[in-house]
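Presented below is the structure to which this report refers.
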Amino acid sequence: ATHSLQLAPKQPLQQLKLAKALYLDNQFAKARAMARELAADHPDNLDAQIFQAELSSRYQRYAEAKLQWEKVLRLNPNSVRARFMLLRSRYGLGEYEAAIAGVKEIVATQGPSEATLYWLAEDAASRNDQSEAAHWLQRLVEFAPERPGYWLDLASAYLDNNDHKRSRATLDLAHAQHPQNAEILQALADDDLSTGNYQRALLNYREILTEYPNYRPAYAGRIYALIAAKKYAEALALLDTGTQQFWKDYDLSEYGDGHVRGILTVDVSDWAQPGLHGQEADECSREEIAAEVWAQMKRSLNVAGQVVLRD
């Protein structure tokens with residue numbers, strides 16, 4: 001394209017090819033400047049207008065994108081994609097109700113697409129309308145059942161809507177559709193854990209770890225299930241023998257007195273909740289955090305007269 005333009009500079013097709021090549025080569029500023037100039041110089045060139053509109057949308061310049069997609073629609077009134085992207089721009093500008101109404105009209109008149117259904121589900125979830133989100137996600141899994149993530153989103157929407165029965169049924173259907181998917185197996189196991197079915201949770205976690213030995217969520221879930229089932233010795237044994245696989249870059253012989261055999265991995269998930277001594281984690285030194293975590297672990301695990309953690 002560069003060579004051709006050197007011979008004859010005013011070639012819109014070659015200019016557009018060069019602008020796209022610059023963008024793919026990560027020369028974004030040059031590509032955007034060239035696209036803007038090309039769109040201004042050739043207002044009737046559909047491809048040039050589309051490329052400029054795409055760039056405006058990618059950089060979330062919604063006002064600019066809105067005007068540009070309107071130009072594209074004037075050149076090609078039947079473009080469903082241009083109409084969709086125009087609505088996206090309007091949504092980005094805060095015209096939520098009008099944009100969503102437009103998307104629903106596209107679904108009703110042109111038929112659904114993965115992008116339109118996902119957007120409608122995403123919008124409903126952002127408004128905390130889990131019932132409507134579940135409606136669109138149900139249509140989405142029917143439209144694209146090969147996508148595991150949509151099944152998981154649908155199960156979560158049902159759960160957020162306090163409909164555990166449908167959530168579990170969705171996970172079971174997802175598992176039938178994707179029997180080897182680790183995230184779906186994990187969701188099933190986590191559901192078993194949350195409902196007190198510890199034995200089935202342990203079986204599911206074991207199945208995941210058999211297929212994916214380094215899958216951390218299943219490893220953590222299995223430990224939680226063992227603790228919930230009051231199988232403290234097994235939980236500690238798993239911690240002792242299994243955690244090291246996640247710390248392969250650490251030579252344990254360099255720590256302590258040289259006889260360290262395992263690592264106890266702890267995730268401090270809530271840094272804002274005051275600890276046993278009334279301090280938040282952000283207010284503590286490293287040593288104080290370590291002492292607080294150890295104290296909380298002993299308090300949680302040393303129960304019913306059974307001491308499993310000692311100083």
Side-chain angles (χ1 to χ4, degrees), residues 1-6 8-129 132-133 136-137 139-140 143-144 147 149-150 153:
T2 301
H3 179 68
S4 178
L5 288 170
Q6 287 174 343
K10 295 299 181 181
Q11 298 181 72
L13 178 60
Q14 296 302 324
Q15 287 177 298
L16 183 59
K17 285 182 178 180
L18 178 57
K20 290 181 177 181
L22 289 169
Y23 188 85
L24 293 174
D25 193 41
N26 297 327
Q27 299 186 52
F28 304 122
K30 287 184 179 180
R32 291 174 63 191
M34 193 168 188
R36 190 178 298 109
E37 181 180 350
L38 188 60
D41 290 346
H42 302 278
D44 296 326
N45 187 302
L46 179 60
D47 291 335
Q49 301 306 321
I50 290 175
F51 185 54
Q52 173 60 15
E54 292 279 5
L55 290 181
S56 298
S57 294
R58 287 175 193 172
Y59 283 90
Q60 299 181 1
R61 297 179 178 273
Y62 297 122
E64 180 181 297
K66 179 182 176 181
L67 294 174
Q68 198 61 39
W69 285 115
E70 287 173 345
K71 291 180 183 178
V72 172
L73 279 170
R74 283 196 290 271
L75 295 173
N76 184 9
N78 297 321
S79 174
V80 176
R81 171 164 173 72
R83 187 181 173 196
F84 175 81
M85 294 304 294
L86 172 58
L87 292 170
R88 267 294 190 188
S89 302
R90 295 182 66 183
Y91 193 88
L93 289 170
E95 301 174 26
Y96 305 122
E97 292 184 8
I100 291 301
V103 179
K104 288 180 178 179
E105 184 182 349
I106 290 177
V107 172
T109 58
Q110 304 292 329
S113 68
E114 195 171 337
T116 52
L117 292 174
Y118 187 79
W119 184 9
L120 289 169
E122 190 178 46
D123 171 73
S126 72
R127 292 183 281 103
N128 204 29
D129 189 339
E132 184 180 346
W136 294 115
L137 286 166
R139 294 192 62 177
L140 193 54
F143 185 88
R147 301 270 195 176
Y150 296 153
D153 288 344

Next on the checklist: Does K17 form a side-chain contact (heavy atoms from CB on, under 4.5 Å) with Q14? I'd like the steps, not just the answer.
Outcome noted: CA-CA 5 Å; K17 285 182 178 180; Q14 296 302 324; 4.0 Å; yes
Next on the checklist: Please evaluate residues R58 and Y23 with respect to the criterion side-chain contact (heavy atoms from CB on, under 4.5 Å), reporting the C-alpha separation (whole Å), side-chain torsions for both, the decisive distance (0.1 Å), and the verdict.
Outcome noted: CA-CA 12 Å; R58 287 175 193 172; Y23 188 85; 3.3 Å; yes
Next on the checklist: Applying side-chain contact (heavy atoms from CB on, under 4.5 Å) to H42 and L16, what does each step give before you reach the verdict?
Outcome noted: CA-CA 11 Å; H42 302 278; L16 183 59; over 6 Å; no
Checklist entry - Should T116 and Y118 be marked as a side-chain contact (heavy atoms from CB on, under 4.5 Å) after you check the CA-CA gap, both sets of side-chain angles, and the distance that decides it? => result CA-CA 6 Å; T116 52; Y118 187 79; over 6 Å; no
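Between atom CD of residue Q27 and atom CG of residue L18 there is a gap of 9.0 Å, rounded to the nearest 0.5 Å. Atom CZ of residue R61 and atom CG of residue L67 lie 13.5 Å apart, to the nearest 0.5 angstrom. Rounding to the nearest 0.5 angstrom, the gap separating the CD atom in Q15 from the CG atom in D47 is 13.0 Å. A distance of 11.5 Å separates CZ in R81 from CD1 in I106, rounded to the nearest 0.5 Å. Here the straight-line distance linking atom CG of D44 with atom CZ of R74 works out to 10.5 Å at 0.5 Å rounding. To the nearest 0.5 Å, atom CD of residue E122 and atom CH2 of residue W119 are 9.5 Å apart.
Closest heavy-atom contact between L22 and A31: CB-CB, 4.0 Å. The two atoms that bring L140 and E114 nearest to each other are CD1-O, 3.8 Å, heavy atoms only. Counting all heavy atoms, side chain and backbone alike, W69 lies closest to I50 at CH2-O, 4.4 Å. In terms of heavy-atom proximity, L120 sits nearest to K104 at CD2-CG, 3.8 Å. Residues A53 and V72 come closest through the heavy atom pair CB-CG2, 4.3 Å. Closest heavy-atom contact between L75 and P43: CD1-O, 3.7 Å.
Heavy atoms of other residues, nucleotides or ligands lying less than 6.0 angstrom from CZ of R36 number more than 12.
A salt bridge between E54 and K20 is absent, with no side-chain N of the basic residue lying under 4.0 Å from a carboxylate O of the acidic one. Note on R32 versus E64: no salt bridge recorded, every NZ/NE/NH1/NH2 to OD/OE distance being 4.0 Å or above.
Formation of a donor-acceptor pair under 3.5 Å by the T109 side chain with backbone atoms of E105 is found in this model. Checking side-chain atoms of Q49 against main-chain N and O of A39 turns up a donor-acceptor pair under 3.5 Å.
Looking at residues two or more places apart in sequence or on another chain, you find no ring pair (Phe, Tyr, Trp, His ring centres under 6.0 Å) involving F143. Checked against ring pair (Phe, Tyr, Trp, His ring centres under 6.0 Å), Y62 has no partners two or more places apart in sequence or in another chain.
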Cut-off 3.5 Å, no hydrogens considered: what does the side-chain donor-acceptor table look like for residues 86-98, sequence neighbours left out?
| from | atom 1 | to | atom 2 | distance (Å) |
| --- | --- | --- | --- | --- |
| S89 | OG | M85 | O | 3.0 |
| R90 | NE | E95 | OE1 | 2.6 |
| R90 | NH2 | E95 | OE1 | 3.1 |
| Y91 | OH | D123 | OD1 | 2.6 |
| E95 | OE2 | K66 | NZ | 3.3 |

